[in-house]
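Here is the structure we will look at.
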Amino acid sequence: MVTEQQIREALTKVIDPELNRNVIELNMLRDLHIDNGNVKFTLALTIPDCPLRDQIEHDARMAVLALEGVKNVEITLSAMSEEERNRLFGKSTAPQTSDFNRIGRAVAIASGKGGVGKSSVTALLAAGLAKLGYHVGVLDADMTGPSIPRLFGLREPPLGGPNGILPPRTLRGIKVMSVNLLLPREDEAVIWRGPIVSKVIEQFWNEVVWGELDYLLIDLPPGTSDAPLTVLQTLPVAGIILVTTPQELSSMIVRKAGRMAEQLNRPILGIIENMSIFICPVCGTRHELFGPSHVEEITDAPLLGRLPIDPQLTVMEDAGAVEVYETEETKKLVKEFLKVVPPPYGR
Ligand SMILES: Nc1ncnc2c1ncn2[C@@H]1O[C@H](COP(=O)(O)OP(=O)(O)OP(=O)(O)O)[C@@H](O)[C@H]1O
Ligand SMILES: [Mg+2]
């Protein structure tokens with residue numbers, strides 16, 4: 001005989017994807033009746049035309065049906081009163097998008113130089129953190145060369161919810177926002193002046209429903225232009241992670257990005273050397289294609305790891321499957337990242 005307690009417990013697994021909290025915690029369960037294996041209840045959503053209502057209903061049905069002794073589940077969807085909603089969000093006025101967001105640690109991935117692997121490193125860190133169970137988001141702050149959606153194989157445009165823009169999710173549930181998801185065609189050019197770029201970045205922070213995140217990784221474009229400046233100046237980032245390659249030229253340009261962060265009082269949390277070596281797949285010989293490392297000359301911040309040049313990574317990125325790529329080096333990278341950016345909320 002199924003009990004109310006069991007049903008409540010099963011429903012704690014049903015998450016409102018927009019708020020990242022479960023339906024019991026959100027006090028959505030109403031009028032629960034159990035009659036000889038037939039279960040009937042109402043779920044009061046935070047808003048009547050919640051775009052995720054079908055998903056929540058489906059998940060709730062599946063969770064309850066999975067319990068032993070349940071024959072049938074009847075769910076009625078309703079909406080909370082404004083007063084209940086305000087109580088839930090501790091507000092006297094209707095909630096704003098930013099009220100739904102609780103971002104533990106925002107970290108920018110930067111490098112003065114283009115093409116060194118910032119986006120790849122951002123994606124690999126996000127994937128590794130998500131695999132460990134952290135709630136992760138990626139904000140693509142590169143407006144003119146956005147590559148994050150492609151790496152994760154995302155194409156669908158974000159849904160517009162009543163509380164803001166709902167970022168699409170990757171296979172592992174990483175929430176992604178990028179200008180490329182808003183364009184009619186992936187190869188459409190974005191020709192915007194600095195103030196517009198800054199405004200869009202602020203909107204990505206303020207008007208996207210990120211929900212509760214442990215980590216928001218911000219992929220910066222190369223250089224020290226408006227986009228990096230806006231991110232470091234106006235968003236509450238904990239600090240930056242620098243990405244470089246062994247080439248001396250790279251070190252010189254990457255130092256500029258480091259200086260910019262320091263001038264804006266944002267600490268350099270760590271540095272990652274990408275494309276450090278190439279190991280020939282045929283003979284196993286190690287080649288330093290970009291010469292010896294200069295990483296110590298860039299910053300005193302800890303070296304989080306070195307990634308070799310791996311053609312497999314390029315292939316998987318092109319296929320939109322970066323999340324599946326995992327090596328000893330990427331695992332180490334994530335481990336070292338967690339040391340310098342410890343999980344928030346004591347997790
Ligand atoms: N370790 C690696 N092994 C093999 N290919 C790599 C590696 N890191 C990056 N790449 C490839 O190098 C190219 C540049 O990488 P990526 O886009 O991550 O750099 P970026 O610094 O973000 O570039 P941009 O400055 O244009 O934003 C991509 O084609 C990517 O697939
Ligand atoms: Mg990039």
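One-based numbering, in listed order, for ligands and for the atoms of each. By convention here, the first residue in the shown sequence is residue 1.
- A salt bridge links E4 with R8: the distance from a Lys NZ or Arg NE/NH1/NH2 to an Asp or Glu carboxylate oxygen falls below 4.0 Å.
- Distances between N or O atoms of V116 and those of ligand 1 include at least one value under 3.5 Å.
- One option in L313, T122, V315 has a heavy atom closer to atom 2 (C) of ligand 1 than any other, and that option is L313.
- Close contacts of ligand 1 with E317, meaning ligand atoms under 4.0 Å from a residue heavy atom, involve 30 (C), 31 (O).
- Within the listing of ligand 1, atoms 1 (N), 2 (C), 3 (N) sit less than 4.0 angstrom from a heavy atom of P308.
- Contact annotation for atom 30 (C) of ligand 1: protein present (non-hydrogen atoms, distance under 4.0 Å).
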Practice prompt. Take V39 and L32 through the test side-chain contact (heavy atoms from CB on, under 4.5 Å) and record every step on the way to the result.
Written response: CA-CA 7 Å; V39 181; L32 173 62; 3.9 Å; yes
Item to complete: Test side-chain hydrogen bond (donor to acceptor under 3.5 Å, both in side chains) on E297 and S251 and set out the steps.
Response: CA-CA 7 Å; E297 297 159 26; S251 334; 5.2 Å; no
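- Counting only protein N, O or S atoms closer than 2.8 Å to the Mg ion (ligand 2) gives 1.
- No donor-acceptor pair under 3.5 Å is formed between the side chain of T330 and the backbone N or O of E326.
- The 12-atom threshold is not exceeded at NZ of K335, counting heavy atoms of other residues, nucleotides or ligands nearer than 6.0 Å.
- Side-chain atoms of S119 and D219 form a donor-acceptor pair, as typed in the model, at a separation below 3.5 Å.
- Counting protein heavy atoms only, atom 8 (N) of ligand 1 is closest to N274 ND2, 2.9 Å.
- For the residues G145, S119, P146, P221, the heavy atom positioned nearest atom 17 (O) of ligand 1 is part of S119.
- Here the shortest heavy-atom pairing between F204 and W210 reads O-NE1, 3.0 Å.
- With respect to the salt-bridge test (charged N to carboxylate O, under 4.0 angstrom), the residues E336 and K339 qualify.
- The protein atom (non-hydrogen) at minimum distance from atom 5 (N) of ligand 1 is T314 OG1, 3.1 Å.
- Results of the side chain to side chain contact (heavy atoms under 4.5 Å, CB included) test with P168 over R155, E156, K175 single out E156 as the only residue that passes.
- Using a 4.0 angstrom heavy-atom cutoff, A123 does not count as in contact with ligand 1.
- Between the side chain of K113 and the backbone N or O of M252, no donor-acceptor pair lies under 3.5 Å.
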Worksheet item: Hey, mind stepping through L333 and E329 against side-chain contact (heavy atoms from CB on, under 4.5 Å) and telling me if it holds?
Response: CA-CA 6 Å; L333 207 63; E329 287 88 356; over 6 Å; no
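- Relative to atom 9 (C) of ligand 1, the option among G114, S111, S276, S120 with the closest non-hydrogen atom is S120.
- Of all atoms in ligand 1, numbered sequentially from 1 with element shown, those under 4.0 Å from a heavy atom of M275 are 8 (N), 9 (C), 10 (N), 12 (O).
- With respect to V254, the side chain to side chain contact (heavy atoms under 4.5 Å, CB included) criterion is satisfied by exactly one of T244, T245, V295: T244.
- At a heavy-atom cutoff of 4.0 Å, ligand 1 is contacted by both the backbone and the side chain of K118.
- Looking at ligand 1, you'll find an N or O of D310 within less than 3.5 Å of one of its N or O atoms.
- Residue G115 places a heavy atom under 4.0 Å from ligand 1.
- The residue D318 has no part lying near ligand 1, judged by heavy-atom distances below 4.0 Å.
- E328 has a carboxylate O that lies under 4.0 Å from a charged side-chain N of K331, or vice versa, which qualifies the two as a salt bridge.
- Residue D142 touches ligand 1 through its side chain alone, judged by heavy-atom distances below 4.0 Å.
- Taking a 6.0 Å sphere around CD of E68, one finds it holds 12 or fewer heavy atoms contributed by other residues, nucleotides or ligands.
- Residue G117 has at least one N or O atom closer than 3.5 Å to an N or O atom of ligand 1.
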